[in-house]
Participant: 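For reference, the structure I am asking about is given below.
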Amino acid sequence: MNNSYDVIVVGGGGSGLAAAVAAADVGAKVLLLEKNPSLGGSTSISIGSFSAANSSFQHAAGIRDNPDDFTEDIGKFAPQWESRNNVELRLLLAQHSSETLEWLRSLGLEFYGPSPEPPNRVPRMHNVIPNAKAYIAVMHWHVLRRNVILRTNARVARLVTNATGRVIGVRLESGEEIIARRGVVLAAGDYSNNRDIKARYVPRPVADIPGINPTATGDGHELGASVGGALLNMDVLLGPQIRFIAPSSKPFSQLLPSTPWLARLMGWGASLLPKPVIRAMTKQLLVTWQHPEDALYEHGAILVNKRGERFTDEKQGNLALVIAQQPERHAFIILNKRLGDMYSKSPHYISTAPDIAYAYLPDYKRLRSDIYRQGNTLPELAQRAGLPVERFVQTIAELAKSQPDWNEGPWYSLGPAVSWIVLSEGGLRVDAQMRVLRADASVIPGLYAAGSNGQGGIMIWGHGLHIAWAFTSGRLAGTNAAQHSVFERE
Ligand SMILES: Cc1cc2nc3c(=O)[nH]c(=O)nc-3n(C[C@H](O)[C@H](O)[C@H](O)COP(=O)(O)OP(=O)(O)OC[C@H]3O[C@@H](n4cnc5c(N)ncnc54)[C@H](O)[C@@H]3O)c2cc1C
């Protein structure tokens, strides 16, 4: 068979790269297919935090931890979903988390931590350095080293099955069919940007809100379901949340590292850097993707739309949902002098990755000049922010009648801020070997899923749990697929 491999991995984000490397490490001939022109997926735009229990970093810090406590604490991040959680898989994640972290370190990635994140009872968050692109660059290097065949611009459109229902390969959008002798691993990310899938499970206004990652279109979920895989918790989305628009030019930290060698060099160099320097590097990400704190509105910040109008009581309701209904889904956060002073220093930050770095108003001025505007008069601010002057001045004058501190400038605008679905939590039902299961819990032979595709009903809302799951489940899926029996040809 010419066009055949032992294992085919669908998707080149964190879970797919882990699956490809792990499968190659147990001797499989592996093909990695990525629909985009380059590897990365949501993994590459993440903050890069990785939560783990019982890690060498914790030991070095004198912290005693264990998977049972970790499992219990994960449940506290999303108590509303606890009754639907897959406790077995959650324990699996907790048990394998530090082993996966050490595996990534052995491949050349560097981390710092652990950082606290309540309700975790002990610090468990580890952050990759210099940023999440290092995951992709280092894993890419290992994929090449292991002679995994990598094809980009190769979108998988269908799974190929034999008469017994075993998955035996994939068909690309181009029509090309490729055989997987042992198994196919679905690692194609989430469906946060697929309106049709979302609309099957959540009300239309939410389904209409785009995902941050435009290429997170749920292909893996559809592929798995097309051969009978059961989908779990598809109505659970993280978002809508308010985040600023992406910078018009890529920030420095998003550009680095772009090659595996550079990633290794930077990882090595960054491990020697003092914490304040790492914090400074992390700030760039904070002002790029992190959502502005809700405390802003509690302290009196207001939102205006592109017409310069206030459109809601900022202290109530789902602001992200209301913003989604404004022209172009845009809103601007407006601060007066009092708020500007308050949010220029600790303890009042505009965005954060908890206990790692905090971004204040001057950080936005320095790092996001495209969304930060200041005006010594209200017309000046309106002009700089591109808001209709007359209407905006009227809006603030109205507010100042009951809150006189709005008479005092300078005034600031941050935005546009947009509503996004950050990620989706639904996934294919899987067992502890990452084999895809039908609704009756029977195994679909030859089909594995990892990362968002193989989320299997676990609710993992704390920082660092999705990345930990992506690499842990990817590694397990790749190893198990590579060891699956070769299918018999009829
Ligand atoms: C802004 C942001 C910040 C985040 N920060 C964190 C964090 O700090 N810590 C944390 O734990 N989690 C974080 N997350 C979540 C985390 O990044 C993801 O859950 C995780 O990376 C998913 O990994 P994955 O391998 O399943 O998917 P992805 O990394 O998205 O990879 C999927 C890949 O499959 C490809 N693909 C899709 N369809 C096909 C197809 N048909 N054929 C071939 N290829 C296909 C995609 O192009 C993509 O490259 C963040 C998410 C976002 C959006």
Side-chain angles (χ1 to χ4, degrees), residues 8-20 31-52 93 97 115 117 124-128 131-133 135-136 139-140 150-159 170-174 184-194 211-224 238-239 241 243-244 246 254 282 285-286 288-291 353-354 356 420-425 427-428 449-455 460-475 477:
I8 296 178
V9 179
V10 183
S15 61
L17 285 161
L31 172 66
L32 175 60
L33 297 168
E34 166 57 51
K35 73 172 176 181
N36 285 335
S38 55
L39 299 170
S42 294
T43 308
S44 68
I45 60 166
S46 72
I47 292 284
S49 58
F50 187 121
S51 288
L93 167 64
S97 55
S115 305
E117 194 207 9
R124 293 188 172 117
M125 190 168 35
H126 305 72
N127 268 74
V128 72
N131 62 55
K133 284 194 82 182
Y135 285 123
I136 307 305
M139 298 304 282
H140 183 185
L150 168 62
R151 287 176 60 181
T152 53
N153 296 310
R155 178 170 174 266
V156 173
R158 281 190 54 188
L159 292 175
V170 300
R171 181 179 301 161
L172 302 185
E173 210 168 28
S174 61
V184 171
V185 179
L186 295 175
D190 72 39
Y191 52 94
S192 50
N193 202 38
N194 187 318
I212 285 187
N213 175 357
T215 69
T217 51
D219 298 16
H221 295 75
E222 301 277 54
L223 289 167
L238 182 57
Q241 270 190 5
R243 308 227 170 186
F244 294 115
Q254 286 280 305
T282 311
L285 285 174
L286 291 188
T288 303
W289 295 118
Q290 289 305 80
H291 89 108
I356 299 163
W420 301 106
I421 301 296
V422 183
L423 47 85
S424 56
E425 291 288 287
L428 288 157
S452 301
N453 284 176
Q455 204 161 312
I460 42 179
W461 275 20
H463 279 103
L465 295 170
H466 286 94
I467 295 277
W469 177 249
F471 284 100
T472 300
S473 61
R475 193 174 169 219

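Fair warning: this is a prediction, and the values are worked out from it, not measured in the lab. Atoms within a ligand are numbered from 1 in the order they appear, just like the ligands themselves.
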Participant: With heavy atoms under 4.0 Å as the rule, classify the contact between Leu465 and ligand 1 as side chain, backbone, both or neither.
Facilitator: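 The answer is the backbone of Leu465.
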Participant: If you measure every N or O of Ile47 against every N or O of ligand 1, does any of those distances drop under 3.5 Å?
Facilitator: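 There is such a contact, yes.
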Participant: Would one find an N or O of Gly48, backbone or side chain, under 3.5 Å from an N or O of ligand 1?
Facilitator: yes
Participant: So, do Asp219 and Val10 sit near enough that their side-chain heavy atoms are less than 4.5 Å apart?
Facilitator: no
Participant: Below the 3.5 angstrom mark, is there an N/O of Glu34, backbone or side chain, next to an N/O of ligand 1?
Facilitator: yes
Participant: Counting only heavy atoms from other residues, nucleotides and ligands, does the tally under 6.0 Å from CZ of Arg155 exceed 12?
Facilitator: yes
Participant: So which atom in Thr217 and which in Asn193 form the shortest heavy-atom distance, rounded to 0.1 Å?
Facilitator: CG2-O, 4.3 Å
Participant: Supply the atom-to-atom distance Lys35 NZ to Thr152 OG1, rounded to the nearest 0.5 angstrom.
Facilitator: 13.5 Å
Participant: With atoms numbered from 1 as shown, which atoms in ligand 1 lie under 4.0 angstrom from a non-hydrogen atom of Leu33?
Facilitator: 43 (C), 44 (N)
Participant: Going by the atom numbers of ligand 1, which of them fall below 4.0 Å from some non-hydrogen atom of Val422?
Facilitator: 53 (C)
Participant: Checking Ser38 against Asn36: is there a side-chain donor and acceptor pair closer than 3.5 Å?
Facilitator: no
Participant: What closest approach, in Å, do Ser49 and Asn127 show between heavy atoms, and which atom pair accounts for it?
Facilitator: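 Shortest heavy-atom separation between Ser49 and Asn127 comes out as CB-OD1, 3.7 Å.
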Participant: Is the shortest N/O to N/O distance between Val156 and ligand 1 below 3.5 Å?
Facilitator: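 By distance alone, the answer is yes.
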Participant: So is Arg243 polar-close to ligand 1, meaning N/O to N/O under 3.5 Å?
Facilitator: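 N/O-N/O distance under 3.5 Å: no.
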Participant: List every atom of ligand 1 that sits less than 4.0 Å from any heavy atom of Gly11, numbering the atoms from 1 in the order shown and giving each element.
Facilitator: 33 (C), 34 (O), 35 (C), 44 (N)
Participant: Does any N or O atom in Asp190 lie less than 3.5 angstrom from one in ligand 1, N or O only?
Facilitator: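 By distance alone, the answer is no.
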Participant: Go through ligand 1 atom by atom and flag the ones less than 4.0 Å from a non-hydrogen atom of Gly189.
Facilitator: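 Ligand 1 atoms under the 4.0 Å threshold to Gly189: 26 (O), 27 (O), 30 (O), 32 (C).
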Participant: I need the minimum non-hydrogen distance between Asp190 and His221, along with the two atoms involved.
Facilitator: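 Heavy-atom minimum between the residues: CA-CE1, 3.9 Å.
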Participant: Considering non-hydrogen atoms only, spot the tightest contact between Ser44 and Ala132 and give its length.
Facilitator: O-CB, 4.1 Å
Participant: Considering all heavy atoms of both residues, which atom of Arg243 and which atom of Trp420 are nearest to each other, and what is their separation?
Facilitator: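 Nearest heavy atoms, Arg243 then Trp420: CB-CD1, 3.4 Å.
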Participant: Please round to the nearest 0.5 Å and tell me the distance separating atom CG of Leu39 and atom CG of Leu32.
Facilitator: 6.0 Å
Participant: Where's the contact between Ala154 and ligand 1, heavy-atom distance under 4.0 Å: side chain, backbone, both or neither?
Facilitator: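 It is the backbone that touches ligand 1; the side chain stays farther off.
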Participant: State, with a plain yes or no, whether a side-chain heavy atom of Leu159 is found less than 4.5 Å away from one of Leu186.
Facilitator: yes
Participant: Any N/O of Asp219 closer than 3.5 Å to an N/O of ligand 1?
Facilitator: yes
Participant: Any non-hydrogen atom of Ala216 lying under 4.0 Å from ligand 1?
Facilitator: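 No.
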Participant: Could you pull out, from Gly40, Ala187, Gly16, the option with a heavy atom nearest to atom 32 (C) of ligand 1?
Facilitator: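 Shortest heavy-atom distance from atom 32 (C) of ligand 1: Ala187.
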Participant: I'd like the name of whichever of Ile45, Thr152, Asn127 reaches closest to atom 2 (C) of ligand 1 through any heavy atom.
Facilitator: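 Result: the heavy atom closest to atom 2 (C) of ligand 1 is in Ile45.
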Participant: Between ligand 1 and Arg155, can you find any atom pair, the residue atom being a heavy atom, that is separated by under 4.0 Å?
Facilitator: yes
Participant: What part of Ala470, side chain, backbone, both or neither, has a heavy atom within less than 4.0 angstrom of ligand 1?
Facilitator: side chain
Participant: Based purely on interatomic distance, does Ile467 place a nitrogen or oxygen under 3.5 Å from a nitrogen or oxygen of ligand 1?
Facilitator: yes
Participant: Kindly indicate whether the side chain of Ile460, heavy atoms from C-beta on, has any atom under 4.5 Å from the side chain of Gln455.
Facilitator: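 A side-chain contact under 4.5 Å exists here.
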Participant: Below 3.5 Å, N or O to N or O, backbone or side chain included: is there any such pair between Asn453 and ligand 1?
Facilitator: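 No.
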Participant: Can you list the atoms of ligand 1 that are under 4.0 Å from a heavy atom of Gly464?
Facilitator: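 Within the 4.0 Å cut-off of Gly464, ligand 1 contributes 9 (N), 10 (C), 11 (O).
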Participant: Using a strict cut-off of 4.0 Å, indicate which atoms of ligand 1 neighbour a heavy atom of Gly13.
Facilitator: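 Those atoms are 25 (O), 29 (O), 31 (O), 33 (C), 49 (O).
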Participant: Short list, please: which atoms of ligand 1 are under 4.0 Å from a heavy atom of Asn36?
Facilitator: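 Atoms satisfying the 4.0 Å criterion: 47 (O).
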Participant: Between Glu117 and His463, does the side-chain hydrogen bond (donor to acceptor under 3.5 Å, both in side chains) criterion hold? Intermediate values first, please.
Facilitator: CA-CA 8 Å; Glu117 194 207 9; His463 279 103; 2.5 Å; yes
Participant: For residues Ser192 and Val422, report the shortest heavy-atom separation together with the two atoms involved.
Facilitator: OG-O, 4.2 Å
Participant: Would you mind running through ligand 1 and noting each atom that sits below 4.0 Å from a heavy atom of Ser452?
Facilitator: 22 (C), 26 (O)
